[in-house]
Number of protein chains: 2
Amino acid sequence: MDARARELLGPPAAVAQRIGSSVSPGPSHLAACLDGGARQTYREFPMHLTETEFIGALVQSKRRVRRTEVLCEAGDPFSHVYVASSGSFKSFVLTEDGRQQVTGFYIGGELMALDGIESEHHRVTITALEDGEVCVISFAHLEEMSSKTPHFQHQFHKLMSREIVREQGLMILLGVMRAHERVATFLLNLAERFRARGYSGTQFNLCMTRGEIGSYLGLSLETVSRVLSHLNDQALISVKQRCIAIPDAHALRAVIGQRAL
Amino acid sequence: MDARARELLGPPAAVAQRIGSSVSPGPSHLAACLDGGARQTYREFPMHLTETEFIGALVQSKRRVRRTEVLCEAGDPFSHVYVASSGSFKSFVLTEDGRQQVTGFYIGGELMALDGIESEHHRVTITALEDGEVCVISFAHLEEMSSKTPHFQHQFHKLMSREIVREQGLMILLGVMRAHERVATFLLNLAERFRARGYSGTQFNLCMTRGEIGSYLGLSLETVSRVLSHLNDQALISVKQRCIAIPDAHALRAVIGQRAL
DNA sequence: CGCGCCTTTGAAGGAGCTCAATTTAGGTGG
DNA sequence: CCACCTAAATTGAGCTCCTTCAAAGGCGCG
């Protein structure tokens, strides 16, 4: 349970013997790209790049986006990746019966659209959940920089690997967890990501609808709502519309692993 | 439905406008590493590396493995990646209540253990489902080669991206599909991978148990068995223990998207 | 201020899980 | 080569969790 907690809450460095608990629906986290200052391109890299420096060196342009605006669409030719700068984003694919499956939520500093490299076309559509800004990074440029600097390259590989790990966590969530466990996991993960961004990890606003959460967690929107209400009744969280408070993360974490609520 | 079919069956090149259908539980496919011949390290790379050449240039050693043997274990320090040469493999994580969640099945030419890069420790345990052989690739060597050759680097990025896409497909499967759709998707994907490897895509042996399939698909082993029996009754497939025949892949594909069986 | 979208809550039904018993296959030793 | 033994697979029955359908309440935006 503690291993799980650490996993859930510590996106990057944590090492777990048991990773069953490593449900980390959070995307690749980049502490960078948060202010507009890092637009220059370094010619000489320090030996050990932080993620911030890594991104700062890459960013060529920023783009303002409004709520519901589309960053890239499934099927589009792939040429750029994006880093959420401010605001929040979701990625999704459409099933042929028209429903959308949300594949990720992204907040500040997180890297998006890595799935497009393989087929050279985007596999997901990414839209803004609220007004914000994204860093636009040319993938060709990224690879060029990458080949020039081993540490730079390694940083990038880590970020891609992190996306793989993130999705593995989601597979566990979708494969074995109950509804209340999924929601609790989701909230704790989100809380930690807000905390890492400098916001409160104990109180925050959900930037997505119940339906989007449900799609992401493999649940109906009604179930998400019901579970939130139930957790609220148990005083494990406090819910008022989009506003969530987690008075005791440890207590909330305890519901993960419980077969029944 | 056709888009879905193409996606399901064409692991690499297929480009879909709608990717909702892109459920591709198959891992990164490498046509290489299938015979023992490609052990040399090229000094000069051709401009356009095939996957075969890509892997051939990397492989430093091969290793025989027996059924149930562990390739790498969750928590182990990460230093190598593996390519299934012959035989088949599964990757899984353990939930803290001791059950295992299978995260992937791998057959010839498919790249494994990319999840370990991020934390420098393996996140999954990989074991052999039958006696076989793996190519062992030093990741440090891979990165070194990668930085020397842009096309080499790009090939590797594509493979990592493919793993991300694969897991996205699985998320869709776990998130929105019914039991019969999951099983049909799984069988069609496996069939295509066997076909691509030169084996029959219409008749093959499952190298994993019902329980392992169930874990991978987020179903109980009984449900997997029931669905297989039911598909068999409908003459959509023929099942006899581990031996599966798919007389008409197109017909089987049609069950994907049906809300009820 | 009203309209639309999101959310909440209830009730009923169903898909799949769990528990349990039986059958089958595969491996081992006599 | 056969009998045994264990693990895997099949099949059934009841139950549970979650979905679906439905209706009402709330918030924000034009």
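None of these values were measured; they are calculated from a predicted model. So you know, we letter chains A, B, ... as the sequences are listed, proteins then strands, and number each from 1.
With rounding to whole Å, A/Gln258 atom CD is found 16 Å from D/dC17 atom C1'. For the pair A/Asp233 CG and C/dT8 P, the interatomic distance rounds to 11 Å; values are reported in whole Å. Residue A/Leu217 contributes atom CG, which lies 14 Å from atom C1' of D/dC18 at whole-angstrom precision. Spacing between atom CZ of B/Arg210 and atom P of C/dT24 amounts to 15 Å, rounded to whole angstrom units. Taking atom NZ of B/Lys240 as the reference point, atom C1' of C/dT23 lies 15 Å away to the nearest angstrom. When the P atom of C/dT9 is taken as reference, atom CG of A/Leu231 falls 13 Å away, rounded to whole Å. Nucleotide C/dC17 holds its P atom 14 Å from the CD1 atom of B/Ile213, rounded to whole Å. B/Arg242 places its CZ atom 9 Å from the P atom of C/dG26, with the value rounded to the nearest Å.
With sequence neighbours excluded, the residues forming a side chain to side chain donor-acceptor pair (under 3.5 Å) with B/Glu130 are B/Ser88, listed by chain and number. B/Ser238 pairs by the side chain to side chain donor-acceptor pair (under 3.5 Å) definition with nothing, not counting sequence neighbours.
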Tabulate atom names and distances for all N/O pairs under 3.5 angstrom spanning the protein and nucleotides 19-26 of chain D.
residue, atom, partner, partner atom, Å
D/dT19, OP1, A/Gly218, O, 3.4
D/dT19, OP1, A/Ser220, N, 3.2
D/dT19, OP2, A/Ser220, N, 3.3
D/dT19, OP2, A/Ser220, OG, 3.1
D/dT19, OP2, A/Thr223, OG1, 2.3
D/dT20, OP1, B/Arg259, NH2, 2.9
D/dT20, O4, A/Arg226, NH2, 2.9
D/dC21, N4, A/Glu222, OE2, 3.2

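Residue-to-nucleotide proximity on DNA chain D shows that, of A/Arg182 and B/Leu228, the 5′-proximal contact is made by B/Leu228.
In this structure, the side chain of A/Gln168 does not engage the main chain of A/Val165 through any donor-acceptor pair within 3.5 Å. Remark: the backbone N or O of A/Thr125 is not paired with any side-chain donor or acceptor of A/Ser91 at under 3.5 angstrom. Side chain of B/Arg182 to backbone of B/Met177: a donor-acceptor contact under 3.5 angstrom is found.
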Could you pull out every donor-acceptor pair under 3.5 Å between side chains of residues 223-234 of chain B and any protein atom, sequence neighbours left out?
residue, atom, partner, partner atom, Å
B/Thr223, OG1, B/Ser220, OG, 3.0
B/Ser229, OG, B/Ser225, O, 3.0
B/Asn232, OD1, B/Val239, N, 3.0

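The B/Ser229 side chain lies nearest to D/dT11 when the options are D/dC18, D/dT11, C/dC6.
For the helix from C/dC1-D/dG30 to C/dG30-D/dC1, the end axes, each set by the C1' atoms of five terminal pairs, are bent relative to each other by 50° (nearest 10°).
Salt-bridge check for B/Arg193 with B/Glu110: passed, with a basic side-chain N closer than 4.0 Å to an acidic carboxylate O. Of the charged side-chain nitrogens involved, none lies within less than 4.0 Å of a carboxylate oxygen, so that A/Arg66 and A/Glu69 do not count as a salt-bridged pair.
Annotation: salt bridge (charged side-chain N to carboxylate O under 4.0 Å, His left out) contacts involving residues 215-225 of chain A, sequence neighbours excluded, are absent.
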